[in-house]
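Quick notes on the structure that follows.
Proteins come first, then strands; the chains are lettered A, B, ... in the order of their sequence lines, and each starts at number 1.
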Amino acid sequence: MPDLTGWLLDLYPDPQGGVVLWLLGDDGERRRLRQPFPVTFYAAGPSPRLRDLWRFLQTEPVHLERAERRDLFQGPIPVLAARFDRPADQPRVFRRAAQAFPDLTFYDADLSLALRHAAVFGTFPLSRCQVAATSDGIITDLQVMDTPWELDPARPPLRAMTIEPEVDPFHAEPTYLQVCAAGRVYCLSLEPARPLLINLAALLRRHDPDLVLTQWGDGGTDHRAGHSSRGLLLRLLDLAQEWNIPLPLNRDPQGQIVHKPDRSYAAYGQVIYRGAQVHLAGRWHVDAANTVMFHDYGLDGVLEMARVTALPVQTAARVSPGTGISAMQIVTALRLGVLVPYHKQQAERPKTALELFRSDQGGLVYQPLIGLHADVAELDFVSMYPSIMARFNISPETVPLDFEERNADFERGLIPRTLQPLLEKRLALKQRLLTLPAWDARRESDRKRVSAHKWLLVTCFGYLGYKNARFGRIEAHEAVTAYGRECLLRAKEAIEDLGGTVLHMYVDGLWVKKDGASTPEDFRPMMDEIAARTGLPVGLDGIYRWVAFLPSRQDSRLPVANRYFGVFQDGSTKMRGIEVRRRDTPAWIAEAQIELLACLAQAAQVEDLPARLPQAQRILRRKLAELRAGRVPLAKLVVRQGLSRELDAFVTRSPAARAAGQLAAVGKHLRPGQSVRFLYTLGDPGVYAWDLPEPPDPRTLDLRRYQVLLLRAAETVLQVGWDARVRGKLLPAGPFGVQQGALWDGRGGLIQ
DNA sequence: TCCTCACGGGG
DNA sequence: GTGTACGTGAGGA
């Protein structure tokens, strides 16, 4: 076979030995190729125990030898190397070894084949490959011609097919599938099964898609049975078996369809639910309804995630960014010849009081000056924590060193090496976004790629602080936050030295005022000075015409960090920490708050704000009238809240728990991490779950409850122009005079 | 008044 | 096949 060039689509273990690679050739052919690819895991420990392990493994299909490899912290150590010509055997043999020798330390033992391949050949999903292969498809040479860091990689002519039922199976039983391929739409009735299967199989054969994009193809929970269920794809395969009609969902006839059950886990201080997964061989299955942050970064973001992490597309689509950055660290380690510790699943033990005390030092927060402020610049450090790790070479193996020492020439750590190209690519994409004209099709795609990078960078920091992480170390985590605080304080000094006032600081942002300064150029010297004093770049998020830092609701004399809203010079608004930003705020309330703020935003300067109040009051009265007249669509009044635990584990029956209870009563069991939707209703139990079979009765709506929610949200934004004692008088700065409830009479009525 | 629970932040 | 920490605010008891 002559040399082939094309894009790498997929890579997985070959049961016959080595790996299977799917290549989308420049000639448009999809080829299944095979490549010998031995993999090795290592064990370290006392010599007699390693000899025992050697004897233990002798009956297995493995080559054994003594060797020396580098541990990240200890440097070179003696190890027993176990090499497999058939990577498919490695997980099973390792499990046996780990069980029999729990006292030994294992390395490179639980690594995905794609990452190992990436470390050796530089492959990643959709990498441009040049391949020499024998006539029966065995690769003899493989060269990767590009890197994950290209801004404009050559776009492969991917074929996509979407398969979706017409409704979410959680809400109703679907009756047909809508299938789109090559610009055509087909509707396939789910009943009867025989023509469905024959037609779907024909479509799959005719279009032979590289990507099968579904809604609910993965599945999730079976709400009738209360356990994990078979999603759309598995149900189709069940049917195919029942009717004995082959359904070629897999492109690889010898490949397995991999099914992973659903689960709930704790992450980021909350519980997350992940539905069951179905992975195909030789083509990708992506379930848009079961893909982490698909709405945030879409298919472009998923492909970008796969490129930079080297995780297979189907995995990249479903894992959290934490796993993505971890994958990148693993590849870095493998390339450096550093051993990757086996990742034990340790139960998290409660932290001791000392640990709690130690970890108490997070980002620096400087309480804001409550009130309205004009001509305020918001300066943000760009990707602060990742930049600190890269700039000051903070990595588990390089801490502790103090701030000044950091500038000295130390060997680059594992984490900075991993982050550096990511930071550079993100910056380059962001810069290009600023220059691309609005009509350029690359804009949307770049935006999504930037978003995917952001999440990788953000989680890298959190991951450092997790004690079970492969390359985590709490001291490194603390070093990052310590540097962050140091940089923020240096920035404050720089601002004050140049005559500015810092109104508020929050982890990586500063809100700054300076007499006579109102344009970006006016703030430029400050930014340059901050960059010079900290070594980190700062960006100008914008200059507010006016911004309001809100007081605490519990005690209006106290400021709270990060509750504010304001209007930039270009007329756009920014809000943080208030009702609109919360996922559990009903759409109608959020829209009202946005409308009220848009009304205030028409004030070009602070002095014009009081004149906006009559208009704001009219908006509010109109909203209330809408509600009372029953003209608000019920869907816009739905509250959506996550559930952090199983139903019987709730100590207090919160509205969300009561709504979940109603669903459970009709057999729809929600698992931790899933969310429940409900309306506030009159009487007991005060809520009505949105997903109950019977539609809610609009007459039972708790209108007073919604009025309270509306007026509370209105009060949050209107207090800037409203004083309870001096009606309509503006309070330009300093504490607001408004008290909680000043706008309304407590019974849902508006104070006139 | 105290306790429980959900949420934010990053663009 | 994951991963922070902490403060605020709302609702229940």
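In this structure, the CD atom of A:Q641 is 13 Å from the P atom of C:dA10, given to the nearest Å. One interatomic measurement links the two molecules: CG of A:D702 to P of C:dG12, which rounds to 10 Å at whole-angstrom precision. When the P atom of B:dG11 is taken as reference, atom CD of A:E444 falls 18 Å away, rounded to whole Å. Straight-line distance from the CZ atom of A:R645 to the C1' atom of B:dC3: 12 Å, rounded to whole Å. A:R485 has its CZ atom 14 Å from the P atom of C:dA5, to the nearest Å. Distance CG (A:L364) to C1' (C:dG7): 15 Å, rounded to an integer number of Å. Distance, A:E478 CD to C:dT4 C1': 12 Å, rounded to whole Å. Residue A:Y564 contributes atom OH, which lies 16 Å from atom P of C:dT8 at whole-angstrom precision.
Here A:R581 does not reach the OP1 or OP2 of B:dC7: none of its side-chain N or O atoms lies under 4.0 Å away. Here A:Q554 reaches the OP1 or OP2 of C:dG9: one of its side-chain N or O atoms lies under 4.0 Å away. Here A:R658 reaches the OP1 or OP2 of C:dG12: one of its side-chain N or O atoms lies under 4.0 Å away. Distances shown here put every side-chain N or O of A:R563 at or beyond 4.0 Å from the OP1 or OP2 atom of B:dG8. At B:dA6, one or more side-chain N or O atoms of A:S644 fall inside 4.0 Å of OP1 or OP2 (strictly under the cut-off). Contact check, A:S552 against C:dG9: a side-chain N or O comes under 4.0 Å of OP1 or OP2.
Nucleic acid contact for A:N562: sugar-phosphate only, since backbone atoms but no base atoms lie under 4.0 Å from a heavy atom of the residue. Contact annotation for A:S451: no contact, since no heavy-atom pair falls under 4.0 Å across all strands. Residue A:L457 is out of contact with every strand shown, counting any heavy-atom pair closer than 4.0 Å.
Contact of A:R426 with B:dG10 (side chain to base): no donor-acceptor pair of N or O atoms is detected under 3.5 Å.
Remark: A:Y12 engages A:W22, A:D252 in a side chain to side chain donor-acceptor pair (under 3.5 Å) (not counting sequence neighbours). Residues meeting the salt bridge (Lys or Arg N to Asp or Glu O under 4.0 Å) test with A:K574, sequence neighbours left out: A:E378, A:D541. Under the side chain to side chain donor-acceptor pair (under 3.5 Å) criterion, A:Q662 pairs with no residue at all, not counting sequence neighbours. Legend: residues meeting ring-ring contact (aromatic ring centres under 6.0 Å, His included) with A:H285, ordered by chain and number and at least two apart, are absent. Annotation: ring-ring contact (aromatic ring centres under 6.0 Å, His included) contacts of A:F106 (sequence neighbours excluded): A:F94. Checked against ring-ring contact (aromatic ring centres under 6.0 Å, His included), A:Y706 has the following partners two or more places apart in sequence or in another chain: A:Y680. Legend: residues meeting salt bridge (Lys or Arg N to Asp or Glu O under 4.0 Å) with A:R447, ordered by chain and number and at least two apart, are A:E444.
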Might you work through the side chain to side chain contact (heavy atoms under 4.5 Å, CB included) test for A:L464 and A:M389, ending with a clear yes or no?
CA-CA 10 Å; A:L464 204 56; A:M389 291 184 255; 3.7 Å; yes
Walk me through it: do A:R449 and A:D446 pass the test side chain to side chain contact (heavy atoms under 4.5 Å, CB included)?
CA-CA 5 Å; A:R449 292 159 75 197; A:D446 278 8; 3.1 Å; yes
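Among the nucleotides B:dG10, C:dA13, C:dA10, the one closest to the side chain of A:T652 is C:dA13. Comparing B:dC5, B:dG10, C:dG9 by their nearest atom to the side chain of A:V560 picks out C:dG9. When distances run from any side-chain atom of A:L643 to the nucleotides C:dG12, B:dA6, B:dG10, the shortest one goes to B:dA6. Of the candidate nucleotides B:dG10, C:dG11, B:dA6, B:dG10 has the atom nearest to the side chain of A:V458. Of the candidates B:dA6, C:dG1, B:dT4, the closest approach to any side-chain atom of A:V651 belongs to B:dT4.
Taking every heavy atom of residues 582-592 of chain A and every atom of DNA chain B, pairs under 4.0 Å involve A:R582, A:R583, A:D584, by number. For the segment residues 565-580 of chain A, residues with any heavy atom less than 4.0 angstrom from an atom of DNA chain B are, sorted by number, A:R576, A:G577. In the region residues 377-388 of chain A, proximity to DNA chain B at under 4.0 angstrom, judged on heavy atoms, holds for none of the residues.
Within the structure, ring-ring contact (aromatic ring centres under 6.0 Å, His included) contacts touching residues 301-333 of chain A (residues at least two apart or in different chains) do not occur.
No more than 12 heavy atoms of other residues, nucleotides or ligands sit less than 6.0 Å from atom CD of A:Q256.
Taking the ring centre of A:F678 as origin, the terminal cationic atom of A:R658 falls outside the region bounded by 6.0 Å and 45° from the ring axis.
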Side-chain donor-acceptor contacts of residues 503-510 of chain A below 3.5 Å, not counting sequence neighbours, with atom names and distances?
{"unit_1": "A:H504", "atom_1": "ND1", "unit_2": "A:Y366", "atom_2": "O", "d": "2.7"}
{"unit_1": "A:H504", "atom_1": "NE2", "unit_2": "A:N562", "atom_2": "N", "d": "3.3"}

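One P atom belongs to C:dG9, the other to B:dG9, and the distance between them is 13 Å to the nearest Å.
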